[in-house]
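One structure is given here, and the rest of the page talks about it.
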Amino acid sequence: LRVLQRPWLRHVVVDALEREHIASSSVSLVHCLGVGPIAAWSLLTEESLGPCTRAALSLNYESTHAACDLQTPSPAAATLVPISIAFLVFDLLQVNKWKHSNMMIIAHHFIAVMMWPYALLTLPVTHWFLLVFLAYECSTPFVVLRDIIDQIYGRGVMYLVNGLLM
């Protein structure tokens, strides 16, 4: 919240609820900026996952099936999934501060918190899929920034540029 007290934001009038929403969105931003790119990088570079990812990107089912060795546990999944579960639990605890909350988002968080530990600990074949889900977080900064830009600057040029990049 201290960032909201900076001189460059003094002209912005936001109430306490809006500040809490921006702070919560900032935590989400930190999470997705860390987890998303590392998951994407791991999908391409890990010895057991890289060939499967490259084959899947080629859109050739036969080569994908032959290239995949998904029996080896992924160190990246073993690290990123617990971090993401902790974030999802934190986010669920902040549901009253969400600007747009609905049952689909809550169900999404809850199901991930319940299923990902099982998938991570018992089925190495799911590590590739878990990392794909986490790599989708690369698009989340634009969603979070959209809300922050809208709160602070309104729907001007910055909002439009962010929307185009999304």
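Only a predicted model underlies this, so the values are computations on that prediction, with no experimental measurement involved. We use all heavy atoms of the structure for the numbers below, so side chains are in, but hydrogens, waters and symmetry mates are not.
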With a cut-off of 3.5 Å and sequence neighbours excluded, list every side-chain donor-acceptor pair involving residues 115-123.
from : atom 1 : to   : atom 2 : distance (Å)
T122 : OG1    : Y118 : O      : 2.6

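- When the side chains of ILVMFWY residues are joined at heavy-atom separations under 4.5 Å, either directly or via intervening members, V125 and W128 end up in a single hydrophobic cluster.
- Cluster annotation: F90 is connected to F133 through the hydrophobic network of ILVMFWY side chains, with a link wherever side-chain heavy atoms come within less than 4.5 Å.
- Screening residues 35-59 for ring pair (Phe, Tyr, Trp, His ring centres under 6.0 Å) gives no qualifying pairs among residues at least two apart or on separate chains.
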Might you work through the side-chain contact (heavy atoms from CB on, under 4.5 Å) test for S28 and T140, ending with a clear yes or no?
-> CA-CA 8 Å; S28 176; T140 303; 4.2 Å; yes

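- Side-chain contact between F110 and M114 is present, with heavy atoms from C-beta onward closer than 4.5 Å.
- Of all heavy-atom pairs spanning P141 and L33, the tightest one is CG-CD2, 3.5 Å.
- P37 and G34 make their closest contact through CD-O, 3.9 Å (heavy atoms, listed as atom of the first residue, atom of the second, distance).
- Judged by distance alone, with hydrogens and angles left aside, the side-chain atoms of S42 form no donor-acceptor pair with the main-chain N or O of A76 at under 3.5 Å.
- Apart from V30 itself, the hydrophobic cluster it occupies contains nothing, where clustering links Ile, Leu, Val, Met, Phe, Trp and Tyr at side-chain heavy-atom distances under 4.5 Å.
- For the pair I38 and L134, the minimum side-chain heavy-atom distance is 4.5 Å or more.
- We find the CG-CG distance between L57 and L44 to be 6.5 Å, quoted to the nearest 0.5 Å.
- Taking a 4.5 Å side-chain heavy-atom cut-off between Ile, Leu, Val, Met, Phe, Trp and Tyr, the cluster of L160 extends to L164.
- In this structure, the separation between CD on Q71 and NE2 on H127 is 10.5 Å, given to the nearest 0.5 Å.
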Can you give me every donor-acceptor pair (side chain of residues 81-88, partner residue at least two apart or in another chain, under 3.5 Å) with its distance?
from : atom 1 : to  : atom 2 : distance (Å)
S84  : OG     : H31 : NE2    : 3.1
S84  : OG     : L80 : O      : 3.0

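- Listed by chain and number, the residues in a salt bridge (Lys or Arg N to Asp or Glu O under 4.0 Å) with R155 are D150 (sequence neighbours excluded).
- With a 4.5 Å cut-off on side-chain heavy atoms, L49 and S74 count as touching.
- Both L43 and Y136 sit in one connected hydrophobic cluster of ILVMFWY residues. Membership requires side-chain heavy atoms under 4.5 Å apart, directly or through other members.
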